[in-house]
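To start, the structure itself, in structure tokens.
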Amino acid sequence: MEILRKQFLRHVGQTSDAPLMIEVARAEGIYFYTPPTPEYPEGKRYVDLISGVSVSNVGHGNPAVIEAVCAQARDYMHIMVYGEMVERPQVKYAEAIAGLLPEPLESVYFVNSGAEAVEGALKLAKRHTHRTEIASFYNAYHGSTHGVMSVMGGEEFVGAYRPLLPDTRKLRYNCFEDLAQITERTACVLVEPVQGESGVRPPAPGFLEALRERCSAVGALLIFDEIQTGFGRTGEMFALLKYGVTPDIVCLAKALGGGMPLGAFVSSGEIMAGLRSDPPLGHITTFGGHPVCCAAGLAALTYMQEHRLAEQAEAKGRLFEELLTDHPAVVEIRRSGLLLAVELGSPERLYRAMELLKEAGYLSDWFLFCDTAFRISPPLTMTEVQVRECCAEIRAGVLDRL
Ligand SMILES: Cc1ncc(COP(=O)(O)O)c(C=O)c1O
């Protein structure tokens, strides 16, 4: 095991100075396991409290997803770059997604990742409006490519890469006053309906409606980034359904692929047509909408629907909140469905909590723009019994020891 860790540090490009360094041997349901050691002959078991950041919504090793992946891999994998061939898993998945979204969101452009979905959406908005200004929000995270970093809301992560895209504007999330900065110059406004990486900030009552109204009034496109909130996380299949606001474009990824890499941006047929001609090939992607990923995503979506996971997410999230909120170490809990931030009030307490969580066999994480709270966004398959067990262990093993 030690050799593998050394090879990991030497040969796998590192993104942080403090990787978790937990070796994974297998994963099932809400759990994953390390390889066996003398201390843990079955491997040490961890409860996955973050679902790979809102990816594994239908649980690890979901048999329906595995079956779909294997069947599709046997039929065919990559044939041709995106958009040329009629591939059944892609068509069927696009149809299913369109069926869940309000009109006119019916045209699904598949890509590989969340960042690529946002890139595609921004390009589409420029093409459609013939404008260049892009507005987004402070403390928003939309991905890590150059274009998307230009609209990311935290200068500490962005500064080293300037110059980035010109003509961008940052607004304050939940600030009605700032909406006046959206004008006839604005091509689009990009927003997470519930901000994730700022430490779970749901929209203020009426904020998304006012944003929609302002965008419509000045002819700017409204883009929802539902990459973290989509597929049941907030208690509805999509947060746009929860808040009853329909954007012009919605970006999807993470749970979209049922554990496989997949992204998409979805719009009306009319808007999407902007990428098709004059010039054509408005966005090119080799692997976007890979048939195995689409088959996995469709299987995961079907599983979610059959097991009513989105509908249950609110009650499970509420149970977490009820069982943790009265602990004296908890300053507050911010929540939307089964996406929670447990606020501890200081980075030091959070750092200590992360150590204790790991020791107790729980994988959590902090947030990119909030280093005082830990994240709870487990697979939506987590049962009520598991929620209760988890909260009792977190109280005794972590919160009581802070
Ligand atoms: C809200 C949101 N948008 C976009 C992304 C970027 O997705 P990806 O890492 O697949 O590029 C993330 C990833 O954490 C995210 O949380």
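Ligands are counted one by one from 1 in listed order, and the atoms in each one are counted from 1 as well. Positions are given from 1, in the same order as the sequence printed here.
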Legend entry - Polar side-chain atom of Lys123 near backbone of Gly282 as donor-acceptor pair, under 3.5 Å: yes
Among all the protein's non-hydrogen atoms, which is closest to [atom], and how far away is it?
atom                    : result
atom 10 (O) of ligand 1 : Gly114 N, 2.8 Å
atom 3 (N) of ligand 1  : Asp225 OD2, 2.6 Å
atom 6 (C) of ligand 1  : Gly143 CA, 3.6 Å

Which atoms of ligand 1 are found less than 4.0 Å from any heavy atom of [X]?
X      : result
Tyr141 : 1 (C), 2 (C), 3 (N), 5 (C), 12 (C), 13 (C), 14 (O), 15 (C)
Ala115 : 6 (C), 7 (O), 8 (P), 11 (O)
Lys254 : 12 (C), 13 (C), 14 (O), 15 (C), 16 (O)

Legend entry - Polar atom proximity, Glu197 to ligand 1 (N or O, under 3.5 Å): no
Legend entry - Min N/O separation Ala253 to ligand 1 under 3.5 Å: no
Establish, from distance only, whether the side-chain atoms of [X] and [Y] form a donor-acceptor pair under 3.5 Å.
X      : Y      : value
His290 : Asn112 : no
Lys242 : Ser336 : yes
Glu23  : Thr34  : no

Legend entry - Min side-chain heavy-atom separation Pro247-Leu105 under 4.5 Å: yes
Inset, instruction - Of all the heavy-atom pairs spanning Thr132 and Lys126, show the shortest one and how long it is. - result: O-CE, 4.1 Å
Inset, instruction - Might you point out which heavy atoms bring Ala313 and Gly232 nearest each other, and give the distance in Å? - result: CB-O, 3.3 Å
Inset, instruction - With salt bridge (charged side-chain N to carboxylate O under 4.0 Å, His left out) as the test, would you mind laying out the steps for Lys6 and Glu2 before giving the verdict? - result: CA-CA 6 Å; Lys6 281 190 185 137; Glu2 227 19 71; 5.6 Å; no
Inset, instruction - Check if Glu116 has a non-hydrogen atom at a distance under 4.0 Å from any atom of ligand 1. - result: no
Inset, instruction - May I ask whether Val118 has any heavy atom positioned less than 4.0 angstrom from an atom of ligand 1? - result: no
Legend entry - Under-4.0 Å protein heavy-atom contact, atom 16 (O) of ligand 1: yes
